[in-house]
Amino acid sequence: MTASARPPDVRSQTREQLVALFSEWQQPAYRVDQLLHWLYTTRATSWEQMTNLSRPLREKLAATFTLALPELVRKQGSHDTTQKFLWRLFDGQLIESVLIPASPALYGEVSDRHTLCVSTQVGCAYGCQFCASGLEGYKRNLTPDEIIGQVLAVERWHSAPSAPVSPATLSDPSLTGTPSHRKPTAATSRPRLINNLVIMGMGEPLANYDHLLTALRILNASWGGGIGARKITISTSGLAPKIRQLAEEPLQFRLAISLHGATDIVRSKIMPINRKYPLTELTSACEYHVARKGKMMTLEYILIAGINDSLDQTGPLARLARRLHAKVNLIPYNTVEGLPWSRPTEEVCERFLQAMLNEEIGATLRREKGHDIDAACGQLRLKTERQLAHAPGVRLDTPP
Ligand code: SAH
Ligand code: SF4
């Protein structure tokens, strides 16, 4: 079944849409609020649970909408560390989300809760040379409920023990129930676990603009996810016209640009999108965004050995940051199996940071050791798909 052939999922509907539908069905508006309470507060997983809605109404809802969450395939990491989740969607496609515990250095503000990195597409069409997400091309956009579902499903599963999943489970949809040793948290009203979102998983969010914005409006709404717009950071590789469009949105999302090169020569070498929207065009779209929103943006700069880590880049990078009133996040590259790129030495990274600080730019360098997780969405999926393709009988109990 294609994403468009499937009935819409109820979690892709805004309150307004549901109110209009319920009025067509001659149902009072307060029934919509009861439904929304089941979906986003109780986080119900079946229509039967919604006992304060009449049976005929539940049947009507079930005939009109699906009520599905992505299905857990693999979970890596433990309760109080960074956790990666690999999900299977209704059509068998795999996507990832990464849950990062509270850290003052992350996007948004200091928090006692968690940041979730969500995916917006299966694969990616933009083909940045260093990135795992684009390696096997683009498959499809995620629907709004598949974006929202990552938040709800992570909250459901994060406290379950990490257990390996057998290859049979991966390939046979009939075996994908919930084995007793992998119980999700039961559907009850619980405080939100996740209060920061970074749209930095697999895919280019602004290439799936409409679905993304519907999902974010629902995740932000007080009747929905209740996550503040200022706690949601959208990262883009630089789709200039869409950055302008985003500047017109009333909600105050944060914006991060994956820059990774401060001159067209360097950036075009690693990010094909730069040939379509070179730095002058990207910068002017960003300036427009800053002017409309009055908000500080972030420039992401992965440091890749011998590619963009030369001190020659620091002058142009500082000029760009100054012009956009942006802060700069320097991130040592995470190696990707099958790609020749590597991270520079610590000394090179520190020197690059110091050059930015000497230019009086607000810059940070991610220093955690042994992490392969921060921006590594796409890697678990890639590894899993490759393991299955090359050795279908392989056991997947060694964490990739
Ligand atoms: N498509 C969007 C969002 C997803 S990528 C974008 O490009 O911004 C999220 C971030 O992870 C981007 O800054 C991307 O450049 C970075 N990234 C991708 N592969 C990486 C790797 N191997 N190591 C470190 N960062 C990586
Ligand atoms: Fe796509 Fe972003 Fe990866 Fe580039 S960095 S291939 S745009 S996910």
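As the structure lists them, so they are numbered: ligands from 1, and atoms in each ligand from 1. Each residue takes its place number in the sequence, starting with 1. Remember, it's a predicted structure, so these values are computed and weren't measured experimentally.
Comparing heavy-atom distances from atom 14 (C) of ligand 1 across Met200, His260, Glu300 singles out His260 as nearest.
Assignment of Gly201 to the shell around ligand 1 is supported, since a heavy atom sits closer than 4.0 Å. Judged by the shortest distance from any of its heavy atoms, Ser258 lies outside the 4.0 Å radius around the atoms of ligand 2.
Under a 4.0 Å criterion applied to the non-hydrogen atoms of Phe130, ligand 1 contributes the atoms 15 (O), 18 (C), 19 (N), 22 (N). Of all the atoms in ligand 1, the ones that sit under 4.0 Å from a non-hydrogen atom of Val336 are 22 (N). Close approach to Gly203 involves these atoms of ligand 1, each under 4.0 Å from a residue heavy atom: 1 (N), 2 (C), 3 (C), 4 (C). Taking every non-hydrogen atom of Ser237 and a distance limit under 4.0 Å, the qualifying atoms of ligand 2 come out as 7 (S). Set against the non-hydrogen atoms of Tyr126, the atoms of ligand 2 under 4.0 Å away are 7 (S). Of all the atoms in ligand 1, the ones that sit under 4.0 Å from a non-hydrogen atom of Pro205 are 1 (N), 2 (C), 3 (C). For ligand 1, the atoms sitting less than 4.0 Å from at least one non-hydrogen atom of Thr236 are 6 (C), 8 (O), numbered in the order shown with element in parentheses.
With Arg343 as the partner, the side chain to side chain donor-acceptor pair (under 3.5 Å) test is satisfied by one option alone out of Asp309, Thr335, Asn334: Asn334.
Side-chain heavy atoms closer than 4.5 Å link hydrophobic residues (I, L, V, M, F, W, Y) into clusters, and following such links, possibly through other members, connects Phe65 to Trp223.
Between Glu204 and Thr120, the side chains place no donor N or O within less than 3.5 Å of an acceptor N or O (distance only, hydrogens not considered). No donor-acceptor contact under 3.5 angstrom links the side chains of Arg351 and Gln354, judged on distance only. In summary, the side chains of Ser284 and Arg244 do present a donor paired with an acceptor at a separation below 3.5 Å, with no hydrogens or angles considered.
For the pair Leu35/Leu57, no side-chain contact is recorded, criterion being any heavy-atom separation below 4.5 Å from C-beta on. Looking only at side-chain heavy atoms (C-beta outward), Glu155 and Ile194 come within less than 4.5 Å of each other.
From the protein, the heavy atom lying nearest to atom 3 (Fe) of ligand 2 is Cys131 SG, 2.4 Å. Here the heavy atom of the protein found nearest to atom 1 (Fe) of ligand 2 is Cys124 SG, 2.3 Å. Of the protein's non-hydrogen atoms, the one nearest atom 2 (Fe) of ligand 2 is Gly203 O, 4.4 Å.
Of the heavy atoms in Ala256, none comes closer than 4.0 Å to ligand 1.
Counting backbone and side-chain atoms alike, Cys128 contributes an N/O/S atom closer than 2.8 Å to atom 4 (Fe) of ligand 2.
Atom CG of residue Leu213 and atom CD of residue Glu249 lie 4.0 Å apart, to the nearest 0.5 angstrom. Interatomic distance, Thr298 OG1 to Leu259 CG, rounded to the nearest 0.5 Å: 12.0 Å.
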Begin with the C-alpha distance, continue with both residues' side-chain angles, and end with the deciding distance and a verdict on salt bridge (charged side-chain N to carboxylate O under 4.0 Å, His left out) for Asp91 and Arg140. CA-CA 11 Å; Asp91 57 353; Arg140 69 171 174 85; 2.7 Å; yes

